[in-house]
Peer 1: 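Could you have a look at this structure, given as structure tokens, before my questions?
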Number of protein chains: 2
Amino acid sequence: MIKAIDETRIENTRSNGSSNLEILTAAAECFMEQGFHATSIDDVARRLGATKGRIYHYYSSKTDLFFDVHREGMARLFNAVKPAMKGEGDGVTRLGRMLKNHALAMMESLAFETVVVQGVHMHRLGATTPAQRRTLDELMIIRDEFETLFKIVAYEAAEDGSLASRDISITVKTILGAINWLAIWYRPRPDETEVDREILAAKIVETILSGLRRRE
Amino acid sequence: MIKAIDETRIENTRSNGSSNLEILTAAAECFMEQGFHATSIDDVARRLGATKGRIYHYYSSKTDLFFDVHREGMARLFNAVKPAMKGEGDGVTRLGRMLKNHALAMMESLAFETVVVQGVHMHRLGATTPAQRRTLDELMIIRDEFETLFKIVAYEAAEDGSLASRDISITVKTILGAINWLAIWYRPRPDETEVDREILAAKIVETILSGLRRRE
DNA sequence: CAAGTGCATACTACTGAGTATGTTTCTGGG
DNA sequence: CCCAGAAACATACTCAGTAGTATGCACTTG
């Protein structure tokens, strides 16, 4: 799974040409713990055991760094969810697979996905330069596309009769909220294994698919 | 409903003694739009048509102001949800009422509740002074109590057989995530009425209670 | 060995939290 | 009715933190 993510990682080129996963990871962790504005470039550098110079060599601004972390987070979500769209099972079954993979990606790349959640909230924020504004819009388009993946399969599920709901848009937003909320409350335990995460993801998906009320 | 909130509003006294709902509201809106760190005290003052002096007359620091907004947001959630715990219906029915009221409160006090959501995320953040650290811990206790309200009724629902789920803690976190996510995507339309919000809340709750998969 | 690459060091300039100090309006006791 | 004194702000500062820059320096590569 993780190897698959690495192999299919989309290009991460930014302003200065090359990228640097080490920097991205350190930045993601800082942004997760303190948020974008409370994180100084020096904080990220300190976590790297380096200085500003290294970061500004690769990224032209703090905002661009944030954007690239966001980009990486979205890429991982796509890589996790897209393969689950096709395959066997009715619409809701496939939706369940997508949700489970989404949840697992949230846990495995918690720092990046927390930044993604922050980024959504940042939409309104006036990004300073026009170039940054364009990048931000582009990121929001990617986010919409991600949501659309779920809408597509939800429509298919409505047509094959496996989906109960009527209002697809609200339904998708609701269930994605349940998953994304992991960024708020989930913290990995030190001794946690992949299996533990699978179990947690399965429980969450089960709740979403079956609902709270017992079925007869 | 709104009048009821005002009547039962808990005391909002802070450092300097008295409070000021006007300031709290302006601050909540700024924090919602830009986040805590990106919001300057001057921003809040500008929105009030005033200057820093007014704000620092009532609040000893930006952090304390944030805390009081959070407090107000939590108070509104409690006032919305608590009355729905008791009354007729099985456990899941009452849970549904609580969730619906929660969703409505999110929409009606969007700015305050967005700050509450931010506050949860801020938990890890090192609040500077020991006094602020204590206040932050206190706020998190209040949040836990809020979550406990749902757990209590969920346990009752498990006992009366109306609840399908086994893991109460994960179930509650999942469904609260679905509701809280409203803070991210919900934006009131200009011509929106109370009825519109009721319909939206009902759809969300229906999705949570019944689940995605169609029942035979 | 010349030209870049990959950083570190040492600055600058500005923003923004908090403070110190007016200035005006209210309030309550004589 | 008058007038301390407090309450409710506004104005004008200070100063620490931080984004971004300019420059230096080792090390690689063609």
Side-chain angles (χ1 to χ4, degrees), chain A residues 12-27 30-31 33-70 115 118 122 125-133 135-136, chain B residues 12-27 29-31 33-69 115 118 122 125-133 135-136:
Chain A
N12 237 327
T13 56
R14 212 57 306 268
S15 326
N16 285 6
S18 64
S19 171
N20 194 321
L21 188 56
E22 230 184 313
I23 296 178
L24 281 183
T25 303
C30 288
F31 290 151
E33 291 170 7
Q34 320 188 39
F36 174 72
H37 288 285
T39 299
S40 75
I41 293 286
D42 289 305
D43 288 338
V44 180
R46 204 172 304 126
R47 184 173 290 247
L48 282 167
T51 64
K52 287 167 109 132
R54 180 167 171 198
I55 296 172
Y56 277 105
H57 181 71
Y58 293 94
Y59 297 95
S60 55
S61 77
K62 183 181 164 185
T63 305
D64 283 329
L65 175 58
F66 180 86
F67 286 162
D68 229 33
V69 172
H70 192 287
V115 170
Q118 280 181 44
M122 237 172 134
L125 168 57
T128 41
T129 77
Q132 289 176 351
R133 165 57 63 190
T135 305
L136 189 52
Chain B
N12 237 326
T13 55
R14 210 65 296 275
S15 327
N16 285 6
S18 62
S19 172
N20 195 321
L21 189 55
E22 228 183 315
I23 295 178
L24 282 183
T25 303
E29 288 168 356
C30 288
F31 290 151
E33 291 171 7
Q34 319 189 37
F36 173 71
H37 289 285
T39 299
S40 73
I41 294 286
D42 289 305
D43 287 338
V44 180
R46 203 173 305 126
R47 182 173 292 247
L48 282 166
T51 64
K52 285 166 110 129
R54 180 167 171 197
I55 296 172
Y56 277 106
H57 181 71
Y58 292 96
Y59 297 95
S60 55
S61 77
K62 183 181 164 185
T63 305
D64 283 328
L65 175 59
F66 180 85
F67 286 162
D68 230 33
V69 172
V115 170
Q118 280 182 44
M122 239 171 132
L125 168 58
T128 41
T129 76
Q132 288 176 353
R133 166 54 66 188
T135 305
L136 189 52

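Numbers restart at 1 for each chain; the letters A, B, ... are given by sequence-line order, proteins then strands.
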Peer 1: Quick one: B/I23 CD1 to D/dA8 P, roughly how many Å, whole number?
Peer 2: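 Atom CD1 in B/I23 sits about 10 Å away from atom P in D/dA8.
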Peer 1: Between protein and nucleotides 23-26 of chain C, what N or O pairs are separated by less than 3.5 Å?
Peer 2:
none

Peer 1: Indicate yes or no: at least one non-hydrogen side-chain atom of A/R47 is less than 4.5 angstrom from one of A/V44.
Peer 2: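 When only atoms from C-beta onward are counted, A/V44 and A/R47 do not touch, as no gap falls below 4.5 Å.
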Peer 1: Where along residues 41-50 of chain A does a heavy atom fall under 4.0 Å from DNA chain C?
Peer 2: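 Listed by number, they are A/A50.
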Peer 1: Just how far, in rounded Å, is P of D/dG20 from CG of A/L65?
Peer 2: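 Roughly 10 Å, once rounded to whole Å.
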Peer 1: Can you find a pair of side-chain heavy atoms, one from B/I55 and one from B/L48, that are under 4.5 Å apart?
Peer 2: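 They are in side-chain contact.
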Peer 1: Please give me the minimum heavy-atom distance between B/Y59 and B/N20, naming the atom from each residue.
Peer 2: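 Closest heavy-atom pair between B/Y59 and B/N20: OH-N, 3.8 Å.
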Peer 1: Among C/dT9, D/dC9, C/dA17, which nucleotide sits nearest the side chain of B/R54?
Peer 2: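 Given the options C/dT9, D/dC9, C/dA17, the side chain of B/R54 is closest to D/dC9.
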Peer 1: Give the rounded distance in Å between these two atoms: NE2 of B/H57 and P of C/dT21.
Peer 2: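 So the NE2-P distance, B/H57 to C/dT21, works out to 18 Å.
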Peer 1: Base, sugar-phosphate or nothing for B/S40? Non-hydrogen atoms, less than 4.0 Å.
Peer 2: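 Sugar-phosphate: the residue B/S40, judged by heavy atoms under 4.0 Å, touches backbone atoms but no base.
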Peer 1: So, using side-chain hydrogen bond (donor to acceptor under 3.5 Å, both in side chains) as the criterion, who are the partners of A/T51 when residues are at least two apart?
Peer 2: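 Expected list: none.
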Peer 1: Just how far, in rounded Å, is P of C/dG6 from CD of A/E22?
Peer 2: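 Atom-to-atom, A/E22 to C/dG6, this comes out as 13 Å.
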Peer 1: For the residue pair A/F36 and A/F31, does the interplanar ring angle fall in the parallel (under 30°), tilted (30 to 60°) or perpendicular (over 60°) class?
Peer 2: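 Geometry flag for A/F31 against A/F36: tilted rings.
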Peer 1: Send over the distance from B/D64 CG to C/dA17 C1', rounded to a whole Å.
Peer 2: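 B/D64 atom CG is separated from C/dA17 atom C1' by 13 Å.
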Peer 1: Taking side chain to side chain contact (heavy atoms under 4.5 Å, CB included) as the test, write out the residues that go with B/T25, two or more places apart.
Peer 2: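 Side chain to side chain contact (heavy atoms under 4.5 Å, CB included) check on B/T25 returns B/L21, B/E29, B/F112.
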Peer 1: Do the side-chain N and O atoms of B/T39 and B/D43 include a donor-acceptor pair separated by under 3.5 angstrom?
Peer 2: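 No, no side-chain donor-acceptor contact under 3.5 Å.
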Peer 1: Rounded to whole Å, how long is the line connecting atom NZ of A/K62 with atom P of D/dT21?
Peer 2: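 Computing the A/K62:NZ to D/dT21:P distance gives 15 Å.
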Peer 1: Without decimals, in angstroms, what is the distance between B/I55 CD1 and C/dG16 P?
Peer 2: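 Those two atoms, CD1 and P, are 14 Å apart.
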Peer 1: Whole angstroms only, please: what is the OH-P distance between A/Y56 and D/dT18?
Peer 2: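 About 12 Å, once rounded to whole Å.
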Peer 1: Report the residues that fulfil side-chain hydrogen bond (donor to acceptor under 3.5 Å, both in side chains) with B/R54, sequence neighbours left out, ordered by chain and then residue number.
Peer 2: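 Scan of B/R54 (side-chain hydrogen bond (donor to acceptor under 3.5 Å, both in side chains), adjacent residues dropped) gives B/E22.
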Peer 1: Considering residues at least two apart in sequence or located in another chain, which fulfil the salt bridge (charged side-chain N to carboxylate O under 4.0 Å, His left out) criterion with A/K62?
Peer 2: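 A/K62 satisfies salt bridge (charged side-chain N to carboxylate O under 4.0 Å, His left out) with no other residue.
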Peer 1: Between the base of C/dA8 and the side chain of A/K52, is there any donor-acceptor pair under 3.5 Å?
Peer 2: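 Answer no: no donor N or O sits under 3.5 Å from an acceptor.
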Peer 1: Of the options C/dA8, C/dC7, D/dC9, whose atoms approach the side-chain atoms of A/Y58 most closely?
Peer 2: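 For A/Y58, the side-chain atoms sit closest to C/dC7.
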Peer 1: State which of D/dA19, D/dC9, C/dG6 makes the closest approach to the side chain of B/N20.
Peer 2: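 Taking heavy atoms from C-beta onward, the closest nucleotide is D/dC9.
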